[in-house]
Novice: 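First the structure, which I've put down as structure tokens, then a few questions once you've had a look.
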Number of protein chains: 2
Amino acid sequence: MSHRIVLQLDEKLFVKDPSSSELGESIVEHAILMLDELGYEAFTFRKLAERIGTTEASVYRYFKSKHRLLLYLTAWYWSWMEYRLHLATANVASPEERLRGALREVTQRIRKDESTPRIDEEALYRVVVADSSKAYLHADVDAENREGMFRSYKRVCRTVADLILEVNPTYPWPVALVSTVIESSHMQKYFAEHLPSLTEVTRGDADESTTTFLTDLVFRAIATPA
Amino acid sequence: MSHRIVLQLDEKLFVKDPSSSELGESIVEHAILMLDELGYEAFTFRKLAERIGTTEASVYRYFKSKHRLLLYLTAWYWSWMEYRLHLATANVASPEERLRGALREVTQRIRKDESTPRIDEEALYRVVVADSSKAYLHADVDAENREGMFRSYKRVCRTVADLILEVNPTYPWPVALVSTVIESSHMQKYFAEHLPSLTEVTRGDADESTTTFLTDLVFRAIATPA
DNA sequence: CTGACGCAATAGTAATACTATCGTTGTTTG
DNA sequence: CAAACAACGATAGTATTACTATTGCGTCAG
């Protein structure tokens, strides 16, 4: 039995909720595909509107700017991750294994999921890898942060950091370690694809080797000297 | 006795070598300051030309695009880092201490240096922190990589990775660890400033605490179980 | 029946990245 | 000393961008 999941995102992320209409869902669906194909810089509302047979103005009724659309998609990704983290850590007795499972979730790419039929998770993951840092490496970070645009990302980091503290309550930099690991997992895959001399991760098994590298890193970092 | 240092950068980074003329040096000098003030997106050649009393067309005689100018500045930064790494590791007997010194260099911000009078290193460092990833998170990475635009960054990673291998020749991911640490050092400082809940690093002692966090991380990661 | 809503259609603005051309310097070189 | 040239300023112009404003039409619920 499969359910369709609709994530409830902060209202400030959009002008009009894209999950409230066919056009809105179509905008999100094709925005992901086109961002993946073109990259953030070359992607425009005009091209998107052309592709889905609507007008630029109609896209602006849902998202007030290209940057806000990127914020929406990354927030969607991190909310989805929160849900997955929940599943991955529920009913796992050992703190070590809970942490291990959580690290696997945040460092592996997402696979296609039936419960979100309009979202191509694999494409979205590539967009997150290549462009999500542009959501905060931006002149308006402070204002957007005050508006709560990054809450889901922060909650994910906080959640995993708490799992670290369950394993070792004295580790001094749990959140810094998690943000390092999450961003590194994106980077290593991007490097494997485009700048292979910057990593030992290879295109073929990018997912498994990234998870192995970073899981090893975390457990060594937080190990208490026996 | 202080010397003036002129770094020799790959010719493909510019149209006309900015170190070959007063105007060229002025372009680089003020580009750094304005990128720091405005951020990459809001920075334009028109604004730069206005500020230094020249024309847009004259700036284009030195750099064929805004993106190439960013590539030039990051390449300058990493070439400068190569030189500093050399100084920091020369005449240090212990491999551990060489690695420790190298990690300090790559994770700390650069201070003002007399040997480069036209470059504001502190401003350049902030530009590197906020914008250097945009140099490669870009649709043209592959072509630009083939042209050798990222060589100095790669050499820095390779150099520090080799120091890791001197301490532990069996560590399987030396380059991945170094690229992780370098990018994390930028990120943690950016987070400390703009998204403080994503790190334990604080604005006040961002440099020392970042170096402490990442040095600890590296030495634990590469430690061989006694 | 009506009025609110969703959307298409059209038009337009200011700014952006970038190119092209031409003339005036000041400096080198034969 | 004159010719040649490179460096630069001045001006103009293009295509595209992100974004705004307004109008009108069909649908569907009250």
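Just the heavy atoms: all of them, side chains too, but no hydrogens, waters or symmetry mates, feed the values below. Sequence lines set the chain letters: A, B, ... in the order given, protein chains first and strands last, and positions in each chain run from 1.
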Novice: With rounding to the nearest 0.5 angstrom, report the OG to CZ distance, A/Ser65 to A/Phe45.
Specialist: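 Taking OG in A/Ser65 and CZ in A/Phe45, the distance rounds to 6.5 Å.
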
Novice: Which pair of heavy atoms, one from A/Ala176 and one from B/Glu200, lies closest together, and at what distance?
Specialist: N-OE1, 2.9 Å

Novice: Where do A/Trp78 and A/Ile182 come nearest, in terms of heavy atoms and distance?
Specialist: CH2-CG2, 3.4 Å

Novice: Where is the tightest heavy-atom contact between B/Glu144 and B/Ala135, given as atom of each residue plus distance?
Specialist: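 Where B/Glu144 meets B/Ala135 most closely, the heavy atoms are OE1-O, 4.0 Å.
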
Novice: Just call it for A/Phe63: base, sugar-phosphate, or nothing, with non-hydrogen atoms closer than 4.0 Å on any strand.
Specialist: nothing

Novice: Ignoring backbone atoms, establish whether B/Ser58 has a side-chain N or O less than 4.0 Å from OP1 or OP2 of D/dC8.
Specialist: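 For B/Ser58, the contact criterion (side-chain N or O under 4.0 Å from OP1 or OP2 of D/dC8) is not met.
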
Novice: Expressed in angstrom and rounded to an integer, what is the separation of B/Ile52 atom CD1 from D/dC8 atom C1'?
Specialist: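 Whole-Å distance recorded here is 12 Å.
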
Novice: Looking at A/Arg203, I want to see if its CZ is surrounded by more than 12 non-hydrogen atoms of other residues, nucleotides or ligands under 6.0 Å.
Specialist: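 Result for CZ/A/Arg203: open.
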
Novice: Report the distance from atom CG of B/Asp17 to atom P of D/dA6, rounded to the nearest whole Å.
Specialist: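 For the pair B/Asp17 CG and D/dA6 P, the rounded distance is 17 Å.
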
Novice: Give the angle between the helix axes at the two ends of the helix from C/dC1-D/dG30 to C/dG30-D/dC1, taking five base pairs at each end and rounding to 10°.
Specialist: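 Taking five pairs per end, the axes differ by 10°.
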
Novice: On a heavy-atom basis, which atom in A/Leu48 and which in A/Met34 lie closest, and how many Å separate them?
Specialist: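 Reported closest heavy-atom pair: CA-SD, 3.6 Å.
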
Novice: Strictly below 4.0 Å: does A/Thr54 bring a side-chain N or O up to OP1 or OP2 of C/dC7?
Specialist: no

Novice: Got a salt bridge between A/Arg118 and A/Glu22, using NZ or NE/NH1/NH2 to carboxylate O under 4.0 Å?
Specialist: yes

Novice: If the threshold is 4.0 Å, N to carboxylate O, is there a salt bridge linking B/Glu37 and B/Arg51?
Specialist: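 Yes.
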
Novice: What does the B/S/- profile of nucleotides 14-22 of chain C look like, 5' to 3', with a 4.0 Å heavy-atom cutoff to protein?
Specialist: --SSBBB--

Novice: Can you confirm whether or not the ring centre of A/Trp80 sits under 6.0 Å from the ring centre of A/Tyr83?
Specialist: yes

Novice: Whether the A/Gln8 and A/Ser19 side chains hold a donor-acceptor pair (N or O, under 3.5 Å, no angle test) is what I'd like checked.
Specialist: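 A/Ser19 and A/Gln8 do not have a side-chain donor-acceptor pair below 3.5 Å.
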
Novice: Of all of residues 18-26 of chain B, which get a heavy atom below 4.0 angstrom from DNA chain C, listed by number?
Specialist: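 Of all residues in residues 18-26 of chain B, none places a heavy atom under 4.0 Å from DNA chain C.
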
Novice: Between C/dG6 and A/Tyr62, is there an OP1 or OP2 to side-chain N/O distance shorter than 4.0 Å?
Specialist: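 Answer is no, no contact under 4.0 Å.
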
Novice: Specify the closest pair of heavy atoms between B/Pro117 and B/Lys112, including all atoms of both residues, with the distance to one decimal.
Specialist: O-NZ, 4.4 Å

